[in-house]
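In what follows, chains are A, B, ... by sequence order, proteins preceding strands, each numbered from 1.
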Amino acid sequence: MGSQTDTMDKIVALCRRRGFIFGSSEIYGGIGGFWDYGPLGCELKRNIKDAWWHDMVQCPPPGPNGESYQMVGVDCSIIMNPKVWEASGHVGGFSDPMVDCKESKSRYRADQLSVIKGQDTAGQMFAFSSDDEESQARAVKKAAKYFKVSADELSGVTSTVSLETVDDAAFGQILGPEAKEVGTLTQPRDFNLMFETFVGALQESTSKAYLRPETAQGIFANFKNVMDSTRVKIPFGIAQIGKAFLNEINPRNFTFRSREFEQMEIEFFCKPDTSKMWYEFWRDTRLHWYESLGIKSDKLRPREQTEEELAHYSDACTDIEYLFPFSEETQELEGVAHRGCYDLTQHGKHSKGKENAYAVMDDATKQRFMPHVIEPSAGVDRFLLASITEAYSYDENRASPEFMKFHPRLAPIKAAVFPLVAKDGMPEVADPIYQEIRKHFPCQFDAKQSIGKRYARMDEAGTPFCFTIDGQSKEDGTVTVRNRDDASQERIDKSRCLEYLRDKLGL
RNA sequence: GCGGGUGUAGCUCAGUGGUAGAGCGUCACGUUGCCAACGUGAAUGUCGUCGGUUCGAAUCCGAUCACCCGCUCCA
């Protein structure tokens with residue numbers, strides 16, 4: 001664990017030092033759970049989003065039977081009509097009232113606590129964790145003593161109810177599950193993870209709205225618009241990349257659990273009887289996508305959710321997890337969920353009062369059916385963090401031990417051009433090479449300081465290739481190319497730099 | 001929300017009552033001429049903030065803010 005933490009600390013330090021990621025609002029002391037991407041970080045992030053959009057929307061892989069299908073994009077507003085979140089279940093679902101015990105310092109979910117109470121409303125009550133038999137047994141024992149009956153007779157003189165039915169005023173009479181004194185439980189407090197805001201300048205309750213906790217609902221809300229305007233036919237997918245917000249109680253692990261984050265989501269609509277096939281297709285496609293961008297498969301673990309973990313409407317869900325240096329357990333990068341027809345049905349109910357309002361016609365059978373949905377939902381920032389930790393390399397035998405081994409598609413800077421020294425006509429040879437490359441690839445020119453420092457800087461930025469113009473260049477027109485990964489060098493003709501890059505990067 | 005820790009230069013940190021420091025990094029000049037090279041020089045600080053004690057506070061006391069770690073929770 002120690003060395004893992006050290007690695008993570010080094011990565012965080014490098015991210016800051018080289019301008020990948022800064023803490024938000026640092027000059028004012030920062031703000032927990034929010035992060036800024038610097039010059040290199042924002043290039044990396046663009047590369048990730050561009051790769052996803054290209055590979056999933058512009059040019060998606062052939063379907064399970066080799067057939068093609070349509071993928072289209074949307075870009076929805078972050079603030080939507082609050083009814084969207086009632087329909088999606090977020091207003092209820094993300095709202096977990098919590099109860100703290102001031103004595104035992106424990107925290108409980110209010111809906112998971114029960115109390116044993118007698119007829120007398122002024123009498124003592126005994127709380128226990130509903131799903132914990134030991135906790136219940138303890139409460140029963142104490143209650144039996146208090147009511148002066150045997151444990152078997154207790155149910156005759158008391159009733160067991162959910163804590164949520166207890167009057168706020170009566171909380172002083174409750175004995176907490178792990179407390180010795182009465183009245184140590186706080187009243188249930190709301191821990192809704194959605195950010196609230198107000199639409200319009202007046203902060204009235206009627207103008208309350210939410211920052212979206214996921215981008216998916218914008219897609220569902222526009223399902224009919226897209227069907228009506230785009231000539232798409234099932235099976236097809238709608239994709240969106242955008243910001244989402246969750247007011248995490250406890251943001252941790254660098255950018256992994258942030259309060260503001262970006263998602264890349266697909267809602268793929270298909271016929272119910274093909275949904276299992278498409279679910280497996282998207283699960284495998286998404287897993288392979290990460291591998292294709294340099295995430296090693298032994299750190300990447302698809303994990304099928306267990307029956308208990310699944311949401312009640314979901315038939316199946318695979319979390320694609322990655323082994324970050326900050327934890328010994330894999331952490332979720334993406335969830336590929338089979339959502340059945342839950343979302344469209346919910347929006348049908350809430351917006352039109354009809355469950356099947358968004359059913360579509362099957363051309364072959366002339367029957368209307370509710371499309372089923374496969375949802376590959378990826379975290380941009382999480383994959384970005386994974387690509388950074390994956391790229392981070394340390395080799396003490398190198399002059400520059402730390403280097404970032406980014407996949408060529410993700411590398412923020414693809415090449416650098418250096419005159420070995422800033423004189424003897426070398427900058428004049430270097431400049432046209434730089435000017436040509438930068439038209440096609442992000443490229444940097446650097447003539448300052450020693451060549452070693454310049455290579456080291458590019459290693460930390462993860463730049464795959466550096467072209468250096470030296471004394472020999474003026475004589476025979478060749479330059480050296482230096483490879484980031486093994487620091488090897490070769491000479492090529494200066495006219496071949498761009499061609500060399502295209503070839504080696506595969507872009 | 002509870003408990004613990006930390007706030008001094010861009011970074012890592014030293015400085016326990018008496019002039020604000022080091023290494024690294026950054027920048028300039030010179031030298032060198034392919035791997036964080038060498039020499040010389042420079043810039044960068046309301047010592048987290050506010051208040052108290054004191055002739056005098058980065059240092060002692062109080063409060064406050066922010067961040068980090070653990071618990072809790074978790075797309």
*asked:* Does the structure show a Watson-Crick or G-U wobble partner for B:C35, both distances under 3.5 Å? Name it, or say none.
replied: none
*When you get a sec, tell me which of B:A36, B:U26, B:A75 is the closest nucleotide to the side chain of A:Q449?*
B:U26
*asked:* Just to be sure I understand the geometry, which residues of residues 32-40 of chain A put a non-hydrogen atom under 4.0 Å away from RNA chain B?
replied: A:G32
*Could you tell me whether A:H350 atom NE2 has more than 12 heavy atoms of other residues or ligands within 6.0 Å of it?*
yes
*asked:* Checking side chain to side chain donor-acceptor pair (under 3.5 Å) between A:T330 and each of A:R303, A:K299, A:E321, which is the one that passes?
replied: A:E321
_ring pair (Phe, Tyr, Trp, His ring centres under 6.0 Å) partners of residues 411-433 of chain A, not counting sequence neighbours, each pair once_ = A:F418-A:Y455
*asked:* Closest approach to the side chain of A:S450, judged atom by atom: which nucleotide of B:C34, B:A37, B:A75 is it?
replied: B:A37
_Given RNA chain B, 5'-ward residue of the pair A:I31 and A:Q263, judged by closest heavy atom_ = A:I31
*Can you label the angle between the A:F326 ring and the A:F324 ring as parallel, tilted or perpendicular, going by 30° and 60°?*
parallel
_Matching residue for A:D459 among A:R398, A:R454, A:R484 - test: side chain to side chain donor-acceptor pair (under 3.5 Å)_ = A:R398
*asked:* What's A:S25 touching, base or sugar-phosphate or nothing? Going by heavy atoms closer than 4.0 Å.
replied: nothing
*Check whether any side-chain N or O of A:R259 sits under 3.5 Å from a backbone N or O of A:G32 as a donor-acceptor pair, and report yes or no.*
yes
_Assigned partner base of B:C13, Watson-Crick or wobble definition, under 3.5 Å_ = B:G21
*Considering residues at least two apart in sequence or located in another chain, which fulfil the salt bridge (charged side-chain N to carboxylate O under 4.0 Å, His left out) criterion with A:R301?*
none
*Does a side-chain N or O from A:R17 land closer than 4.0 Å to OP1 or OP2 of B:C24, or not?*
no
*Whole-Å distance between B:C34 C1' and A:R482 CZ?*
10 Å
*Taking A:E262 as the fixed residue, which of A:R46, A:K49, A:R212, A:R382 is the one that meets the salt bridge (Lys or Arg N to Asp or Glu O under 4.0 Å) rule?*
A:K49
*For the pair made of CD in A:E248 and C1' in B:A75, what is the distance, rounded to whole Å?*
7 Å
*Round to the nearest Å and state the distance from A:R457 atom CZ to B:C34 atom C1'.*
15 Å
*If you check the A:A399 side chain, which of B:C27, B:A36, B:C34 turns out closest?*
B:A36
*Rounded interatomic separation in angstrom, taking CZ from A:F383 and P from B:A75*: 21 Å
*Output the single nucleotide from B:C67, B:C35, B:C71 whose closest atom is nearest the side chain of A:R252.*
B:C71
_Measure CZ/A:F403 against P/B:A36 and give the value in whole Å, please._
15 Å
*Determine the contact category for A:R259: base if any of its heavy atoms lies under 4.0 Å from a base atom, sugar-phosphate if only primed atoms, P, OP1 or OP2 are that close, otherwise nothing.*
nothing
_Regarding A:E332, tell me which of base, sugar-phosphate or nothing describes its non-hydrogen contacts under 4.0 Å with the strands shown._
nothing
*Quick one: A:K453 NZ to B:A28 C1', roughly how many Å, whole number?*
13 Å
*asked:* So A:R398, base contact, sugar-phosphate only, or nothing? Heavy-atom distance under 4.0 Å.
replied: nothing
*asked:* From CD of A:E375 over to P of B:A75, roughly how many Å is that when rounded to an integer?
replied: 13 Å
*Considering Watson-Crick and G-U wobble pairs with both distances under 3.5 Å, what does B:G41 pair with?*
B:C27
*Touch check for A:F418, heavy atoms < 4.0 angstrom, all strands: base, sugar-phosphate only, or nothing?*
nothing
*Answer with yes or no whether A:E460 presents, from its side chain, a donor or acceptor under 3.5 Å of a partner atom in the base of B:A36.*
yes
_Mind checking if A:S377 touches a base, just sugar-phosphate, or nothing, with heavy atoms under 4.0 Å?_
nothing
*Could you work out which one of B:A28, B:C35, B:U26 sits closest to the side chain of A:K448?*
B:A28
*When we call it a touch if two heavy atoms are under 4.0 Å apart, what does A:F22 touch: a base, just sugar-phosphate, or nothing?*
nothing
*With a non-hydrogen cut-off below 4.0 angstrom, is A:R454 in contact with a base, only sugar-phosphate, or nothing?*
nothing
*May I ask you to say what A:D459 touches in the nucleic acid, namely base, sugar-phosphate or nothing, with a heavy-atom cut-off under 4.0 Å?*
nothing
*Counting N and O atoms only, with roles assigned by atom type, does the side chain of A:Q240 sit under 3.5 Å from a partner on the main chain of A:C76, one being a donor and the other an acceptor?*
yes
_Watson-Crick or G-U counterpart of B:U49, or none if no pair lies under 3.5 Å_ = B:A63
*Measure the distance from CD on A:E321 to P on B:A75 and round it to the nearest whole Å.*
12 Å
*If you pin A:D424 and A:G379 to their nearest nucleotides in RNA chain B, which one's is more 5'?*
A:D424
_With a 4.0 Å cutoff (strictly under), does any side-chain N or O of A:R16 reach OP1 or OP2 of B:C11?_
yes
*Check whether the ring centres of A:F383 and A:W289 lie less than 6.0 Å apart, and answer yes or no.*
yes
